[in-house]
> 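Submitted below is the structure of interest, expressed as structure tokens.
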Amino acid sequence: MLDVLKYQRPGAPRNSSGKGAIQISEASITFGRGVSAYHAVQSTSLRILPGEFVCILGPSGCGKSTLLNAIAGYVKPTTGAVSVDGVAVEKPGPDRGMVFQQYSLLPWKTVYENVSFGPRMAGASRTEAGSIANTFLGMVGLKKFGSRYPAELSGGMQQRVGIARALANYPSVLLMDEPFGALDAQTRLMMQESLLEIWAKFGTTVVFVTHDVDEAVFLADRVLIMSAAPGRIIEDLRIDLPRPRTTDSAALSEYIAARQHCLATIRSESRKAFEEQNK
Amino acid sequence: MTQAVQTLSEEPIPLGQTEQSALSKDPAPTVTPGLLRRALHPDLLRSLGLGLLSLAAGVLFWHWASATNLNVFVNFENVPGPGKVFASFLGHLETEIFYTHIRVSMQRILISYSIAAALGIGLGLIMGRSRIVRAFVMPYIEVIRPIPAVAWIPLAILMWPTEEASIIYITFLGALFPIVLNTLHGVEQTPEVLVRAAQSLGASRLAIFAHVVLPAAMPSISAGLAIGMGVSWFSLLAGEIISGQYGIGYFTWNAYSLINYQDIVVGMLVIGFLGTASTAAIKLLTKPLLKWQKRTR
């Protein structure tokens with residue numbers, strides 16, 4: 001709790017529950033065995049505080065999604081441990097809401113049914129689940145589209161449904177795997193602002209994976225920069241931009257400085273990797 | 001929880017204005033056109049007209065070939081013309097036994113097909129989700145599938161207590177394989193991300209089966225059901241060779257034994273028609289389950 005207060009800044013959301021602390025202790029993830037073994041994540045330790053917005057930034061294939069999947073419970077760390085609120089992660093669960101890159105809504109369920117699916121699985125009655133679904137659809141501005149099928153919506157709208165669906169379980173952690181990566185630039189900017197507004201309401205911990213430096217700096221309290229495979233966190237950068245952030249925030253000198261810093265770190269890292277390969 | 005819901009619903013954030021207004025300019029048809037309006041759609045009318053035209057041309061050629069005793073490699077000398085066949089067909093419509101043949105055949109199809117559908121879908125789903133079951137069952141499918149229905153007749157007679165059971169067995173076998181294989185294929189096509197999404201929403205294994213795997217396999221299952229229906233009709237014909245009394249297959253086979261050429265063609269056409277009609281019925285029945293797919297296009 002004290003940690004939370006320490007990092008509380010004006011405009012940052014209140015996380016009254018104090019839930020959503022993530023602890024990763026010396027976790028490494030290796031796929032396969034022997035000669036064909038692939039080290040996706042090198043021994044990584046990490047603490048994420050309740051209510052923090054953390055972006056994991058790195059090039060494609062650096063293991064950032066694998067790290068996220070370990071928190072989600074899809075991948076077991078080969079060594080080390082991952083826990084959320086002190087409980088070891090064993091398998092995926094509704095306490096860790098997941099938003100995927102694209103096409104993850106159930107195509108045979110309407111938008112409304114997709115969002116009420118989680119509450120239904122948790123044992124809520126049809127009416128209860130329905131009212132939760134309507135609340136969250138309203139929150140992402142899609143209440144009117146409840147009876148549509150996912151394929152009838154644009155990519156951006158589908159992702160908003162995806163966010164609503166994850167939030168409908170009242171998760172303590174929201175895990176997002178390049179959720180706006182497939183969207184066009186304008187829609188992406190709008191979605192980023194929307195996400196920050198929702199997060200301001202909710203205050204859940206967000207772990208957001210991206211390879212877009214601007215996106216990471218704009219959204220995050222902390223940007224974790226990962227190296228190329230085997231992935232490890234090479235920098236833990238605090239972003240002290242005031243909130244609420246808008247598109248105008250990109251003009252602030254802090255924003256530009258943070259952005260330049262991230263780019264420089266990534267550039268020197270990729271140069272290192274390049275030299276390593278050519279030895 | 002309820003309180004949180006209320007406070008949230010009081011202040012909905014209007015998001016995505018641009019996207020929505022873009023969408024409202026070009027609204028998707030919310031009212032589905034009536035059955036009649038859809039039936040009268042020009043594209044549909046044209047393909048229907050072309051189909052009828054093609055059939056009429058075929059009948060005309062048939063008439064011409066049999067009337068002129070056409071003999072160019074293919075010999076039409078002993079082939080009864082459409083007029084004769086139609087007259088024979090009308091004659092049969094007057095008799096009660098003709099309807100009994102049709103009723104008995106449809107009954108056999110209904111029984112064998114129902115068993116094949118239930119077993120085929122069940123087996124396909126389990127095989128799709130369990131490598132062990134698949135490895136265990138697959139060799140049987142590979143070996144038995146290519147055996148034609150006619151080849152089963154002697155063994156079926158030996159194995160099953162009654163003629164009826166043998167016929168149903170042969171018909172069932174024909175429908176089974178396309179249904180199993182299509183279901184299996186459908187399950188394998190289930191996108192992994194959807195399974196993951198359902199897991200993270202708290203769905204149990206059973207719920208994932210019901211809400212993700214089964215609907216994902218549904219387009220493939222319904223294709224398998226339609227193919228299976230067609231195959232079961234031509235297996236039925238083989239099976240009814242055994243039968244001593246009734247069935248449209250028996251009718252056709254019997255006409256052949258009696259060298260009654262018109263009735264052979266009547267039997268063939270009736271089987272063709274019934275097969276097509278029941279396949280269409282299956283497609284119609286599975287359609288509501290695929291309505292999400294229809295809207296995709």
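Order of the sequence lines sets the chain letters (A, B, ...), proteins ahead of strands, with each chain counted from 1.
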> Testing the basics here: between B:W292 and A:P107, what is the closest heavy-atom pair and its distance to 0.1 Å?
CB-O, 3.4 Å
> Any side chain to side chain donor-acceptor pair (under 3.5 Å) pairs touching residues 206-230 of chain B, not counting sequence neighbours?
A:K109-B:H211
> If you draw a 6.0 Å radius around CD in B:Q189, do more than 12 non-hydrogen atoms from other residues or ligands fall strictly inside?
yes
> How about OH on A:Y103, more than 12 heavy atoms from neighbouring residues, nucleotides or ligands closer than 6.0 Å, or not?
no
> What is the distance from atom CG of A:L175 to atom OG of B:S200, rounded to the nearest 0.5 Å?
8.5 Å
> I need the minimum non-hydrogen distance between B:A197 and A:S104, along with the two atoms involved.
CB-O, 3.8 Å
> Tell me, for A:N69 versus chain B, whether the close heavy atoms (under 4.5 Å) come from the side chain, the backbone, both or neither.
side chain
> Taking atom CE as the centre, does B:M106 end up with more than 12 heavy-atom neighbours from other residues, nucleotides or ligands that are less than 6.0 angstrom away?
no
> Counting only non-hydrogen atoms closer than 4.5 Å, does A:R120 touch chain B with its backbone (N, CA, C, O), its side chain (CB onward), both, or neither?
neither
> Quick one: does B:K291's side chain get under 4.5 Å of A:Y149's, heavy atoms only?
yes
> Around B:I132, counting heavy atoms of other residues, nucleotides and ligands shown, do more than 12 lie under 6.0 Å from its CD1?
no
> Is it true that the NZ or CZ of B:R196 lies under 6.0 Å from the centre of A:Y74's six-membered ring and within 45 degrees of the ring axis?
yes
> Just how far is it from atom CG of B:L194 to atom CH2 of A:W108, taken to the nearest 0.5 Å?
5.0 Å
> Would you say that more than 12 heavy atoms from the other residues, nucleotides or ligands in this model lie under 6.0 Å from the CG of B:L206, or not?
no
> Identify the two heavy atoms, one from A:M121 and one from B:G202, that lie closest to each other, and give their separation to 0.1 Å.
CB-O, 3.8 Å
> Quick one: pull up CG in A:L106 and CG in B:L201 and give me the separation to the nearest 0.5 Å.
8.0 Å
